[in-house]
*Asks:* 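This is the structure I want to talk about, given as structure tokens.
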Amino acid sequence: MSKRWITAVVATVIVGGTLGFVLSEALQPEGDTAQQQPAGSPASPAAPALANAAAPATPPAAEGRTQAQPSASTPAAAQVTLWQAASLQEEETDGIVRHLTQLDPQQLTTLHTGQVVALALPGRQHPVRARLGETRNTAGSAVWHGALLDGDAMESMTLVRGTLETHITLATLDGSLSIIVDNATGKTVITDENQLVLRADPNDHLHYQHKELPPLPPPAQG
């Protein structure tokens, strides 16, 4: 073989090897190239993005549920005063003297057994207090009954809260008082039932001294 052919074969081998190395570098994946970067080179921008994606994120809905949790409910008051004595206004209708006042209707919705209810009444220096000791439901109305505090054992209060009105009856040694409350507005009317009795029978308040009469004589013989 001549020297010319040997030179051509060697040149072909060198060119083929060079082309193969260039093609292999061009076809190498980018990930491998990143792995071959020297230690001192800056990190790839894709690395922080991958780290943030891997970190667990708190869902917005979970945060909303945490903030929406209700706080502990406030306990109901042990005593409630429905109105003050200074709010009583006197008026006369058809010869009957009544007293008007106003209360907060929301107070009627928080009544419960064991609670003390204080009422300012006309002609009394201190409010009348009653403890709600018994409760029941009658025809859809809540009924409370309790004894008056600081009074006689026979004195009591009955409170009936219906859909439209609340009726309170006070039975005292001096008589009975009827109280009607509008549940929507809180307007309250206090009526002394003794006045109703006197209007029905004006002589009812008169007291007679009852004496035993002597026996009647026997009937005449005819």
*Asks:* Would you call Val160 and Thr166 a side-chain contact if the rule is heavy atoms closer than 4.5 Å?
*Replies:*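 SC-SC contact between Val160 and Thr166 ruled out.
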*Asks:* Calculate, to the nearest 0.5 Å, the distance between atoms OG1 and CD belonging to Thr169 and Glu193 respectively.
*Replies:*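 Between atom OG1 of Thr169 and atom CD of Glu193 there are 6.0 Å.
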*Asks:* Is a donor on one side and an acceptor on the other found under 3.5 Å between the side chain of Asp150 and the backbone of His126?
*Replies:*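 Flag not set: sc Asp150 to bb His126 has no pair under 3.5 Å.
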*Asks:* Show which residues join Trp83 in its hydrophobic cluster (side-chain heavy-atom contacts under 4.5 Å, direct or indirect), or state none.
*Replies:*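 Same cluster as Trp83: Val80, Leu82, Leu88, Leu103, Leu108, Leu111, Val117, Leu119, Leu121, Val128, Leu132, Trp144, Leu148, Met157, Leu159, Ile168, Leu170, Leu177, Ile179, Val181, Ile190.
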*Asks:* Would you confirm whether Asp152, through its side chain, and Met154, through its main-chain N or O, come within 3.5 Å as a donor-acceptor pair?
*Replies:*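 Looks like yes, one N/O pair under 3.5 Å.
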*Asks:* Quick one: pull up NE2 in His167 and OG in Ser178 and give me the separation to the nearest 0.5 Å.
*Replies:*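 Between His167 NE2 and Ser178 OG, I get 7.5 Å after rounding to 0.5 Å.
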*Asks:* Is any side-chain heavy atom of Thr113 closer than 4.5 Å to a side-chain heavy atom of Glu134?
*Replies:*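 No, their side chains stay 4.5 Å or more apart.
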*Asks:* What verdict does the side chain to side chain contact (heavy atoms under 4.5 Å, CB included) test give for Lys187 and Gln102, after you've listed the backbone C-alpha separation in whole Å, the side-chain angles of each residue and the deciding distance to 0.1 Å?
*Replies:* CA-CA 5 Å; Lys187 181 181 179 180; Gln102 187 81 21; 4.0 Å; yes
*Asks:* If I compare all heavy atoms of Ser87 with all of Thr101, which pair ends up nearest, and what's the gap?
*Replies:*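 Shortest heavy-atom separation between Ser87 and Thr101 comes out as OG-OG1, 2.7 Å.
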*Asks:* Are any side-chain N or O atoms of Arg129 and backbone N or O atoms of Leu149, one a donor and one an acceptor, separated by less than 3.5 Å?
*Replies:*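 Side chain of Arg129 to backbone of Leu149, a donor-acceptor pair under 3.5 Å: no, none is there.
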*Asks:* State whether the side chain of Asn183 and the backbone N or O of Pro105 hold a donor-acceptor pair below 3.5 Å, judged by distance alone.
*Replies:*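 No, the answer is negative, given that no donor and acceptor are paired below the 3.5 Å cut-off.
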*Asks:* Does Gln89 CD have over 12 foreign heavy atoms under 6.0 Å away?
*Replies:*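 Incorrect, the count does not exceed 12.
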*Asks:* Looking only at atom types and distance, does a side-chain atom of Thr172 sit under 3.5 Å from a main-chain N or O of Gly175, one as donor and one as acceptor?
*Replies:*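 Flag set: sc Thr172 to bb Gly175 pair under 3.5 Å.
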*Asks:* Looking at every heavy atom in both Ala120 and Gln84, which two are closest together, and how far apart are they?
*Replies:*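 So the minimum-distance heavy-atom pair works out to CB-C, 3.7 Å.
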*Asks:* Can you establish whether the number of heavy atoms outside Gln125 located under 6.0 Å from its atom CD is more than 12?
*Replies:*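 Open.
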*Asks:* Taking Glu165 for the side chain and Ile180 for the main chain, is one N or O donor matched with an acceptor at less than 3.5 Å?
*Replies:*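 Checking the backbone N and O of Ile180 against the side chain of Glu165, no donor-acceptor pair under 3.5 Å is found.
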*Asks:* Closest heavy-atom contact between Thr110 and Gln115?
*Replies:*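 In this case the closest contact between Thr110 and Gln115 is O-OE1, 3.7 Å.
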*Asks:* Supply the atom-to-atom distance Arg131 CZ to Ser156 OG, rounded to the nearest 0.5 angstrom.
*Replies:*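 OG of Ser156 is found 15.0 Å from CZ of Arg131.
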*Asks:* Over all heavy atoms of both residues, which pair between Ser176 and Ala171 is shortest? Give the atoms and the distance, please.
*Replies:*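 What the structure gives for the nearest pair is OG-CA, 4.3 Å.
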*Asks:* Find the distance between OG1 (Thr188) and CZ (Arg98) and round it off to the nearest 0.5 Å.
*Replies:*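 Output value for this atom pair is 12.0 Å.
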*Asks:* Kindly give the heavy-atom pair with the smallest separation between Glu155 and Leu173, and that separation in Å.
*Replies:*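 Closest pair (atom of Glu155, atom of Leu173, distance): OE2-N, 3.2 Å.
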*Asks:* Any idea which heavy atoms bring His99 and Val97 closest together, and the distance?
*Replies:*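 That closest heavy-atom pairing would be CE1-CG1, 4.2 Å.
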